[in-house]
Amino acid sequence: MGVNTPNRAKLTTTRITKLITSAHTQLQGVHTECLHWDVFIKRYDRPFTLFYIDPPYWGHENDYGKGLFRRDDFVQMAKQLKSIKGTFILSINDIPDIRTLFKDFTIESITTRYTVNSKATRRANALLISNHAI
């Protein structure tokens with residue numbers, strides 16, 4: 001890619017101001033939290049809450065950092081999700097251990113693409129698990 005110096009810059013103070021104003025408007029009422037997943041669910045569980053849960057895939061528990069998520073967390077997660085008031089959707093890899101652990105919930109098989117970069121993609125089977133029909 002090259003630079004086209006005769007043209008004016010696309011990023012101007014007017015454009016930046018509009019982008020910031022738009023982001024500000026869209027993020028009104030949004031709260032950002034940095035909590036352990038089980039504390040987060042406990043704090044925000046209400047009948048009208050929808051949780052989207054995307055833990056590390058089974059067998060890849062250390063992908064987000066060593067010790068941040070343990071294999072035993074899947075057991076604790078399944079137990080906690082049985083008693084929540086809200087609705088959850090969990091996405092996870094499709095393996096027998098996960099199907100067994102979450103057998104009391106609605107499980108839907110999907111095919112997805114894992115994308116590491118724009119050139120390397122591969123198809124994989126995954127699951128969507130919920131406490132309601134998906």
Side-chain angles (χ1 to χ4, degrees):
M1 279 195 222
V3 176
N4 189 351
T5 55
N7 292 335
R8 300 179 100 181
K10 292 182 180 179
L11 200 55
T12 64
T13 54
T14 302
R15 185 154 192 241
I16 291 171
T17 302
K18 286 180 183 177
L19 289 171
I20 291 171
T21 301
S22 176
H24 173 75
T25 301
Q26 291 179 31
L27 294 174
Q28 291 297 308
V30 171
H31 300 278
T32 303
E33 295 274 1
C34 183
L35 299 171
H36 195 267
W37 63 267
D38 60 336
V39 175
F40 182 89
I41 291 171
K42 190 175 189 175
R43 179 178 288 179
Y44 290 102
D45 185 26
R46 306 286 188 280
F48 53 83
T49 304
L50 171 63
F51 295 103
Y52 174 68
I53 304 168
D54 188 23
Y57 277 10
W58 184 281
H60 298 269
E61 291 83 5
N62 289 319
D63 283 3
Y64 299 140
K66 189 162 181 73
L68 292 178
F69 195 91
R70 301 176 335 272
R71 178 76 48 96
D72 291 344
D73 284 336
F74 289 112
V75 175
Q76 182 184 349
M77 185 178 286
K79 183 178 178 181
Q80 184 177 8
L81 291 173
K82 284 181 184 178
S83 64
I84 67 170
K85 299 171 193 156
T87 302
F88 78 88
I89 300 171
L90 182 143
S91 58
I92 193 76
N93 52 332
D94 186 358
I95 61 167
D97 290 328
I98 290 291
R99 286 182 174 272
T100 300
L101 190 59
F102 290 92
K103 69 182 183 317
D104 295 331
F105 300 105
T106 301
I107 299 176
E108 183 176 326
S109 299
I110 61 167
T111 302
T112 187
R113 290 185 183 270
Y114 293 146
T115 306
V116 176
N117 59 45
S118 60
K119 296 177 185 173
T121 62
R122 69 179 176 93
R123 296 178 69 78
N125 294 326
L127 298 174
L128 293 179
I129 301 172
S130 181
N131 56 346
H132 291 283
I134 300 174

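Looking only at side-chain heavy atoms (C-beta outward), Lys18 and Thr14 come within less than 4.5 Å of each other. Looking at Ile53 and Ile41, their side chains come closer than 4.5 Å, going by heavy atoms from C-beta outward. Between Ile92 and Ile129, some side-chain heavy-atom pair lies under the 4.5 Å cut-off. Taking 4.5 Å as the limit, every side-chain heavy atom of Thr49 sits out of range of all side-chain heavy atoms of Thr87. Leu127 places none of its side-chain heavy atoms less than 4.5 Å from the side chain of Glu108. The shortest side-chain heavy-atom distance between Ile98 and Ile95 falls under the 4.5 Å cut-off. Here the side chains of Phe88 and Met77 are not in contact, with every heavy-atom distance at 4.5 Å or above. Using a 4.5 Å heavy-atom cutoff, the side chains of Phe102 and Leu90 are in contact.
Ring centers of Phe74 and Phe69: under 6.0 Å apart, within the cut-off.
Atoms OH and CD, on Tyr44 and Glu33 in that order, are 3.0 Å from each other to the nearest 0.5 Å. Here the straight-line distance linking atom CG of Asp38 with atom CZ of Arg43 works out to 11.5 Å at 0.5 Å rounding. Atom CH2 of Trp37 and atom CD of Gln76 lie 4.0 Å apart (nearest 0.5 Å). Rounding to the nearest 0.5 Å gives a distance of 8.0 Å between NE2 of His36 and CG of Leu68.
Applying the salt bridge (charged side-chain N to carboxylate O under 4.0 Å, His left out) test to Asp63 and every residue at least two apart in sequence or in another chain returns nothing. Annotation: side-chain hydrogen bond (donor to acceptor under 3.5 Å, both in side chains) contacts of Gln80 (sequence neighbours excluded): none. Residues forming a salt bridge (charged side-chain N to carboxylate O under 4.0 Å, His left out) with Arg71 (at least two apart in sequence, or on another chain): Glu61.
Formation of a donor-acceptor pair under 3.5 Å by the Ser130 side chain with backbone atoms of Ala133 is not found in this model. Side-chain N or O atoms of Asn125 include none that pairs as donor or acceptor with a backbone N or O of Asp94 at under 3.5 Å. Remark: the backbone N or O of His24 is paired with a side-chain donor or acceptor of Gln28 at under 3.5 angstrom. Ser22 places no side-chain N or O within 3.5 Å of a backbone atom of Leu19 that could act as its donor or acceptor partner. Side chain of Ser91 to backbone of Asp54: no donor-acceptor contact under 3.5 angstrom is found. A distance-only check finds no donor-acceptor pair linking the side chain of Asp45 to the backbone of Lys42 [under 3.5 Å].
Checking Thr112 against Arg122 by side-chain atom types alone, no donor-acceptor pair falls below 3.5 Å.
The cluster map of Ile, Leu, Val, Met, Phe, Trp and Tyr, joined by side-chain heavy atoms under 4.5 Å apart, puts Val39 and Ile84 in the same cluster.
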Worked verdict on Phe105 versus Lys82 for side chain to side chain contact (heavy atoms under 4.5 Å, CB included): CA-CA 8 Å; Phe105 300 105; Lys82 284 181 184 178; 3.5 Å; yes
